[in-house]
Number of protein chains: 2
Amino acid sequence: MPETWKATAKAMLSRHFLLGQLPDSLLDDLLGHAQFRRYKRGESLFRKGDPGDALLAVILGKIRISTLSAKGQEVVLNMLGPGDVFGEIAFLDGKPRTADAAVVEDTGLLTLERKSFLPYLEENPKVAIKLLGVLCERLRWVSDSFEDIVFLELPARLAKRLLRLTENFGHQEPSGLRIDLKLSQQELGHMTGVTREAVNKVLRIWEKEGILTIERAALTIHQPEGLRAILENP
Amino acid sequence: MPETWKATAKAMLSRHFLLGQLPDSLLDDLLGHAQFRRYKRGESLFRKGDPGDALLAVILGKIRISTLSAKGQEVVLNMLGPGDVFGEIAFLDGKPRTADAAVVEDTGLLTLERKSFLPYLEENPKVAIKLLGVLCERLRWVSDSFEDIVFLELPARLAKRLLRLTENFGHQEPSGLRIDLKLSQQELGHMTGVTREAVNKVLRIWEKEGILTIERAALTIHQPEGLRAILENP
DNA sequence: GTGGAACCGTGAACTGGTTCACAGAGCCCT
DNA sequence: AGGGCTCTGTGAACCAGTTCACGGTTCCAC
């Protein structure tokens with residue numbers, strides 16, 4: 001998408017659950033301020049504490065949002081794919097970034113700079129209101145994750161995470177839903193706030209029960225209901 | 001404050017870290033849409049999942065924001081005092097409340113209804129932008145709490161919480177900073193995601209070390225540095 | 001193809017925090 | 001002023017998840 005990126009990006013944004021409701025002309029305006037760039041897998045986009053203040057939208061590829069503890073322990077907060085928007089916090093308040101963002105596989109991103117956008121925002125309250133919606137959504141998500149980690153124990157947390165991953169990244173296959181993010185058990189541990197070994201033990205139990213099968217960089221869920229059941233009861 | 005509440009409320013809001021920067025006329029406008037009411041201690045303002053969509057501001061008194069797990073375990077997310085604003089999420093997106101709010105001690109609240117405010121918002125982008133700031137602030141706070149709970153263990157979490165409480169609710173006394181929220185060790189447990197007994201054990205150690213003294217419904221911190229030190233190392 | 005590197009599987013010992021159980025302290029209501 | 005409450009202190013058994021340790025797999029680069 002070397003030169004046609006604007007069209008693709010517009011199509012993508014207009015499919016966004018909130019931004020999509022904006023009138024066509026406003027979307028064009030927005031894109032007028034934006035830039036498109038490609039990134040290679042492994043690249044770091046920014047780190048927690050960095051001053052950057054751009055808003056980013058994933059056009060294609062996969063992005064990992066994470067944080068490191070003082071002792072180097074990592075937590076993956078989210079995995080993003082095409083259509084997802086991130087970096088809104090620093091973008092909106094101009095303060096340091098709240099987490100790390102890195103490219104998981106080759107990616108194209110839309111970038112919107114704070115300074116080129118703020119004046120525009122004042123004149124377009126509709127856009128501001130949409131953004132309020134985006135932030136509320138994000139806030140609900142984070143609060144939810146918070147509750148999960150204090151209330152649920154590992155099996156439930158892991159089940160929930162896998163279900164969420166299937167929603168965003170699962171392909172339907174004859175044998176079941178396949179998640180083929182390059183997802184090591186280590187990473188799954190980081191997503192659930194737990195060690196590699198603990199994840200392994202739970203996954204193997206589920207494999208024995210026929211709920212899923214484990215492959216190298218992928219998982220196939222045969223019985224999503226099995227996972228849902230774990231969420232419901234003790 | 002039976003009839004003069006508008007003046008008091010205005011004074012309070014103008015001291016708010018973000019809303020205070022709004023021009024005087026806008027503040028008056030805002031207050032024109034607001035209502036004042038008193039609440040008795042123990043009253044529930046709303047529960048998670050309720051449809052309510054008002055924005056609330058504490059004029060005086062104390063409010064507890066919390067959630068319950070499926071099995072009835074409670075987590076206190078925050079304690080609010082005069083000048084604090086809450087309920088913005090449901091207010092802004094019109095969806096169900098994300099947590100419970102209850103009155104800890106007799107309280108006066110300013111209430112702003114979503115429907116009477118939304119049209120106004122479209123015409124005053126400056127207010128929308130301030131609200132974006134408020135949401136960013138909240139998002140940073142929640143993300144922070146999230147990291148605390150996965151990265152820090154109990155002593156550090158508790159130390160951090162106590163320091164935060166002294167900031168908002170501590171009185172300076174000859175012997176040290178006194179927190180006299182009616183704060184049972186049970187509640188402290190709820191705030192740190194841990195049992196009453198676990199809190200007790202840590203507090204007693206600190207008492208023996210002279211960092212603080214425990215009274216019935218209060219704590220006196222003699223050496224805040226002691227707590228800060230716990231945050232820094234292992 | 002082959003040698004390393006990164007990932008997976010699993011078991012044993014350990015640990016921070018829970019659960020249960022019970023005894024004492026302070027509080028408030030009549 | 002005394003009887004019940006809720007809150008505190010503490011110890012013993014227990015448990016989910018960690019840490020450590022090590023052997024086996026799969027992948028990829030040369």
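Naming: A, B, ... by sequence-line order, numbering from 1 per chain.
Over its full length, the helix from dG1(C)-dC30(D) to dT30(C)-dA1(D) turns its helical axis through 50°, comparing axes from the five pairs at each end and rounding to 10°.
Looking at residues two or more places apart in sequence or on another chain, you find a salt bridge (Lys or Arg N to Asp or Glu O under 4.0 Å) between Asp106(B) and Lys40(B). Not counting sequence neighbours, the partners of Arg37(A) by the salt bridge (Lys or Arg N to Asp or Glu O under 4.0 Å) test are Glu43(A). Checked against salt bridge (Lys or Arg N to Asp or Glu O under 4.0 Å), Asp148(A) has the following partners two or more places apart in sequence or in another chain: Lys160(A).
Across the protein-nucleic acid pair, His190(A) atom NE2 and dT18(D) atom P stand 11 Å apart, rounded to whole Å. Across the protein-nucleic acid pair, Gln73(A) atom CD and dT19(D) atom C1' stand 13 Å apart, rounded to whole Å.
Annotation: Glu207(B), atom CD; neighbour count of heavy atoms from other residues, nucleotides and ligands within 6.0 Å is above 12.
Protein chain B contacts DNA chain C from dG17(C) to dC27(C), reading 5' to 3' and using non-hydrogen atoms of the protein with a distance under 4.0 Å.
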Anything under 3.5 Å between a protein N or O and an N or O of nucleotides 4-11 of chain D, put it in a table, one pair a line.
{"residue": "dC7(D)", "atom": "O2", "partner": "Arg216(B)", "partner atom": "NH2", "Å": "3.2"}
{"residue": "dT8(D)", "atom": "OP1", "partner": "Arg216(B)", "partner atom": "O", "Å": "3.3"}
{"residue": "dT8(D)", "atom": "OP2", "partner": "Gln185(B)", "partner atom": "N", "Å": "3.0"}
{"residue": "dG9(D)", "atom": "OP1", "partner": "Arg204(B)", "partner atom": "NH2", "Å": "3.1"}
{"residue": "dG9(D)", "atom": "OP2", "partner": "Gln185(B)", "partner atom": "NE2", "Å": "2.9"}
{"residue": "dG9(D)", "atom": "OP2", "partner": "Asn200(B)", "partner atom": "ND2", "Å": "2.8"}
{"residue": "dG9(D)", "atom": "N7", "partner": "Arg196(B)", "partner atom": "NH2", "Å": "2.7"}
{"residue": "dG9(D)", "atom": "O6", "partner": "Arg196(B)", "partner atom": "NH2", "Å": "2.8"}
{"residue": "dT10(D)", "atom": "OP2", "partner": "Arg204(B)", "partner atom": "NH1", "Å": "3.2"}

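Remark: Lys95(B) engages Glu137(A) in a salt bridge, criterion side-chain N to carboxylate O under 4.0 Å. Under a 4.0 Å N-O distance rule, the pair Arg178(A)/Glu215(A) qualifies as a salt bridge. Arg140(B) has a carboxylate O that lies under 4.0 Å from a charged side-chain N of Asp93(A), or vice versa, which qualifies the two as a salt bridge. At a threshold of 4.0 Å, the pair Lys48(A)-Glu147(B) counts as salt-bridged, since one of the basic side-chain nitrogens sits closer than that to a carboxylate oxygen. Using a cut-off of 4.0 Å between Lys/Arg side-chain N and Asp/Glu carboxylate O, Glu105(B) and Lys182(B) are scored as not salt-bridged.
Judged by the 6.0 Å distance and 45° axis criteria, Arg114(B) is not positioned over the aromatic ring of Phe91(B).
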